[in-house]
Amino acid sequence: MDKRQIGQTGVSLSRLGLGTVKFGRNAGVKYPAGFELPDDYSLTRLLSQAQELGINTLDTAPAYGTSEERLGMLLKGKRQDWTIIGKAGEEFENGKSSYNFSPAHFAESLERTLKRLQTDYLDVFLIHSDGSDNRILSDEKLIGKMQDFKRSGMVRAIGASTKTVEGGIKALDLMDVVMATYTEDHTDEKAVLDHAALENKNVILKKALASGHNTDINGAMEFAFSHPGVDSVIVGTINPTHLQENAAAVTRVISLRQLS
Ligand SMILES: NC(=O)c1ccc[n+]([C@@H]2O[C@H](COP(=O)([O-])OP(=O)(O)OC[C@H]3O[C@@H](n4cnc5c(N)ncnc54)[C@H](OP(=O)(O)O)[C@@H]3O)[C@@H](O)[C@H]2O)c1
């Protein structure tokens, strides 16, 4: 599978990344159907399959239940083979999300993430916004802290998972990468992608299948990659057949783009 680099950071993102919410959390989620958390054997097989399909990118966060711990255990000895996207700012406990965007919390959260993932670095570290992007990204101390993490080598690239145009653009101006939403039903953030394309910054899309409510995989991937600003799309799945379909759809659309 084709890959994209994040600026000069040396971080490589496969065009399709695997979202891991369903590895660790089945409460308070917006998927069309309930599900049991997969066992270790199923996840080991899913990760091997992802690798065989050329997927190197995994997306996780403290808010995804046991996702970080499980990845730490499952990737033991193989961490270097993967690009891991982590986040801080949102916590999910006792069925409820809470948020903390203080630099001190970010330092603690990153340490805890590295411990859970059994690693000493993250490839991409994102501010997990609650939607008040502008307020969060206006905190110079927080941005300074993110830059410190990068300078220290604890993380290789920094950015934010945002929900607004203003926030997405601000994140791109201050850091390396933004995680945004762009689907046929949600084009509000297009200006963020335009800005990234113009400024040579990187964009990762989340929720490309509208959390499973859109089952037209080919259509969704065609739409996602119709914008030249999009580097990688994270799709969450715990189903091997779906993973295969998603990789085939992305490979197809990227080859068509490269031909045209
Ligand atoms: N604020 C943030 O930073 C943020 C917010 C949301 C999500 N994310 C990240 O983005 C990832 C994706 O978001 P998401 O999980 O909300 O939504 P999504 O990727 O749009 O959709 C995932 C859902 O689609 C289903 N699905 C996947 N492939 C399919 C296929 N080929 N056919 C039919 N159904 C399919 C999955 O079910 P199966 O398991 O049955 O395949 C799952 O229920 C997350 O895992 C997370 O890593 C980040």
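Counting starts at 1 for both ligands and their atoms, following the listed order. Computed from a prediction, not measured in an experiment: that's the story for all the values here. Sequential numbering from 1 along the given sequence is applied to the chain's residues.
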Non-hydrogen atom of K87 closer than 4.0 Å to ligand 1: yes

Atom 11 (C) of ligand 1 - nearest protein heavy atom and its distance: I234 CG2, 3.5 Å

Residue, atom name and distance, where the atom is the protein heavy atom closest to atom 37 (O) of ligand 1: K22 NZ, 3.0 Å

Donor-acceptor side-chain pairing of S161 and K206 below 3.5 angstrom: yes

Nearest option to atom 44 (C) of ligand 1, as decided by whichever heavy atom of V21, L126, I217, T162 sits closest: V21

Under 4.0 Å to a heavy atom of D59 - the qualifying atoms of ligand 1, by number: 9 (C), 46 (C), 47 (O)

Contact (N/O only, under 3.5 Å) between N246 and ligand 1: yes

Atom 27 (C) of ligand 1: nearest protein contact (heavy atom, Å): G236 O, 3.2 Å

Polar side-chain atom of T164 near backbone of G167 as donor-acceptor pair, under 3.5 Å: yes

Any donor-acceptor N/O pair, R15 side chain to T251 backbone, under 3.5 Å: no

Polar contact flag, side-chain donor to acceptor under 3.5 angstrom, D185-H213: no

Min N/O separation I238 to ligand 1 under 3.5 Å: yes

Side chain, backbone, both or neither: the part of A210 lying under 4.0 Å from ligand 1 by heavy atom: backbone

Identity and distance of the protein heavy atom lying nearest atom 6 (C) of ligand 1: K207 CE, 3.2 Å

Region of T20 engaging ligand 1 - heavy atom pairs below 4.0 Å: backbone

For atom 26 (N) of ligand 1, closest protein heavy-atom neighbour: L209 CD1, 3.8 Å

Over all atoms of both residues, closest heavy-atom pair of K150 and T9: NZ-CG2, 4.0 Å

Aromatic contact, Y64 with F92 (centres under 6.0 Å): no

Contact partition for E90 relative to ligand 1, non-hydrogen atoms under 4.0 Å: neither

F225 to D231 - nearest heavy-atom pair and separation: CE2-O, 3.9 Å

Under 3.5 Å donor-acceptor, T187 side chain and K190 backbone: no

Donor-acceptor pair between E91 and S98 side chains, under 3.5 angstrom: no

Donor + acceptor pair across side chains of N100, S102 (<3.5 Å): yes

T237, any N or O under 3.5 Å of ligand 1 N or O: yes

Donor on one side chain, acceptor on other, K170 and S138, under 3.5 Å: yes

Part of K30 within contact of ligand 1 (heavy atoms, under 4.0 Å): neither

Mode of H242 contact toward ligand 1 - side chain, backbone, both, neither (heavy atoms, under 4.0 Å): both

Test item, F35 contacting ligand 1 (heavy atom, 4.0 angstrom): no

Within-cut-off N or O pair, V235 and ligand 1, under 3.5 Å: no

Distance from atom 14 (P) of ligand 1 to nearest protein heavy atom, with residue and atom: Y31 OH, 3.7 Å

Residues T237 and N239: side-chain donor-acceptor under 3.5 angstrom: no

Within reach of ligand 1, part of A208 (heavy-atom separation under 4.0 Å): backbone

S161 neighbourhood, listing ligand 1 atoms whose heavy-atom distance to it stays under 4.0 Å: 1 (N), 2 (C), 3 (O)

Within-cut-off N or O pair, G212 and ligand 1, under 3.5 Å: yes

Aromatic plane relationship, Y99 with F101 - under 30° parallel, 30 to 60° tilted, over 60° perpendicular: parallel

Pair E68-T60, side-chain donor/acceptor within less than 3.5 Å: no

Ligand-side contact atoms (ligand 1) for residue partner H128, heavy atom cut-off under 4.0 Å: 1 (N), 2 (C), 3 (O)

Protein residue, atom and distance nearest to atom 8 (N) of ligand 1, heavy-atom basis: Y64 OH, 3.3 Å

Pair F106 + F149: ring centers closer than 6.0 Å: no

Under-4.0 Å heavy-atom contact with ligand 1, by part of S211 that carries it: both

